[in-house]
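Since the structure comes first, as structure tokens, the remarks are kept for the end.
Index from 1, following the sequence.
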Amino acid sequence: MTEKQRKLDERYLRMARIWAENSYCQRRQVGALVVKDKMIISDGYNGTPSGFENVCEDDNNVTKPYVLHAEANAITKLARSNNNSDGATIYITASPCIECAKLIIQSGIKRVVYGEKYRLTDGIDLLKRAGIEVIYMEVNSD
């Protein structure tokens, strides 16, 4: 990876972290940006589907089963646009779960850059198995 690409990756990942602040989820806020040809073509953060109340957790602080992950929101938003994600990079503040990894594979995204490791690695393992470039990058908040 070139120094220029590394700096771009760091900047987009920082932007995804800022975008995560839009989430109403209390337990964890996650953001995602899909970038193609140095343009942000989609964005997402974890939250409830359109038209639902903006409450992600139940009374026991358990995430409601219908909460969408940031990657799923960004990818499904692309489906409603004139853009496509063939060859794009997705920047995610946390490593993707296996369900989001499947969406990433099917959407044609070729690179995944993420900033926080999760205890389960099945999503990352599946992406690598599919030949997608996966990059873990710790990014400072400054």
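- Connection of Leu8 to Met137 is established within a shared hydrophobic cluster, with ILVMFWY side chains joined at heavy-atom distances below 4.5 Å, either directly or through further cluster members.
- If you chain together hydrophobic residues whose side chains sit under 4.5 Å apart, Ile18 and Leu33 never meet in one group.
- Side-chain atoms of Glu57 come within 3.5 Å of backbone atoms of Gln26 as a donor-acceptor pair (strictly under, hydrogens ignored).
- Summarising the geometry, atom CZ belonging to Arg129 is positioned 10.5 Å from atom CG belonging to Asp125; distances are rounded to the nearest 0.5 Å.
- Tyr12 is not connected to Ile92 by any chain of hydrophobic side-chain contacts under 4.5 Å among Ile, Leu, Val, Met, Phe, Trp and Tyr, and they are in different clusters.
- Under a 3.5 Å cut-off, the side chain of Ser23 and the backbone N or O of Val30 do not form any donor-acceptor pair.
- Val55 and Val62 are not part of a single hydrophobic cluster, where members link through side-chain heavy atoms under 4.5 Å apart.
- Closest non-hydrogen pair, Cys56 versus Gly47, comes out as SG-CA, 4.0 Å.
- Atom CD1 of residue Ile40 and atom CH2 of residue Trp19 lie 9.0 Å apart, to the nearest 0.5 angstrom.
- Using a 4.5 Å heavy-atom threshold, the side chains of Arg28 and Tyr118 count as touching.
- More than 12 heavy atoms of other shown residues, nucleotides or ligands fall within 6.0 angstrom of atom NZ in Lys64.
- Checking side-chain atoms of Thr93 against main-chain N and O of Gly31 turns up a donor-acceptor pair under 3.5 Å.
- Within a 6.0 Å sphere centred on CD of Gln106, other residues, nucleotides and ligands contribute 12 heavy atoms or fewer.
- Using a 3.5 Å distance cut-off with no hydrogens or angles, the side chains of Asp9 and Tyr91 do pair a donor with an acceptor.
- Not one N or O on the side chain of Asp37 forms a donor-acceptor pair closer than 3.5 Å with the backbone of Met39.
- In this structure, the side chain of Ser107 does not engage the main chain of Ser85 through any donor-acceptor pair within 3.5 Å.
- A donor-acceptor pair is defined here as one N or O able to donate and one able to accept, closer than 3.5 Å; such a pair exists between the side chain of Lys36 and the backbone of Asp86.
- Heavy atoms only, all atoms of each residue included: Arg27 and Asn61 are closest at CD-O, 2.9 Å.
- At least one side-chain heavy atom of Pro96 sits under 4.5 Å from a side-chain heavy atom of Ile104.
- Scanning all heavy atoms of the two residues, the minimum distance from Glu53 to Thr48 falls at O-OG1, 2.9 Å.
- Under the 4.0 Å criterion applied to side-chain N and carboxylate O atoms, Glu10 and Lys7 are not assigned as salt-bridge partners.
- A donor-acceptor contact shorter than 3.5 Å is absent between the side chain of Ser42 and the backbone of Val34.
- The structure places NZ of Lys77 at 11.5 Å from CG of Asn83, a figure rounded to the nearest 0.5 Å.
- Annotation for Arg111 and Val113: closest pair NH2-CG2, 4.0 Å, computed over non-hydrogen atoms.
- Grouping the Ile, Leu, Val, Met, Phe, Trp and Tyr side chains by contacts below 4.5 angstrom, directly or via other members, places Leu68 apart from Leu78.
- In terms of heavy-atom proximity, Ala20 sits nearest to Tyr45 at CA-CB, 4.4 Å.
- In this structure the side chain of Ile109 reaches within 4.5 angstrom of the side chain of Ile75, judged on heavy atoms.
- Atom-to-atom distance recorded for Glu138:CD and Glu116:CD is 10.0 Å, nearest 0.5 angstrom.
- The two residues Asn46 and Cys25 have their closest heavy-atom pair at ND2-SG, 3.5 Å.
- Atom CD1 of Ile41 is separated from atom CG of Asn84 by 6.5 Å, given to the nearest 0.5 angstrom.
- Residues Tyr114 and Ile124 form a side-chain contact, since some pair of their non-hydrogen atoms from C-beta on lies under 4.5 Å apart.
- Between Glu71 and Leu103 the shortest side-chain heavy-atom distance does not fall below 4.5 Å.
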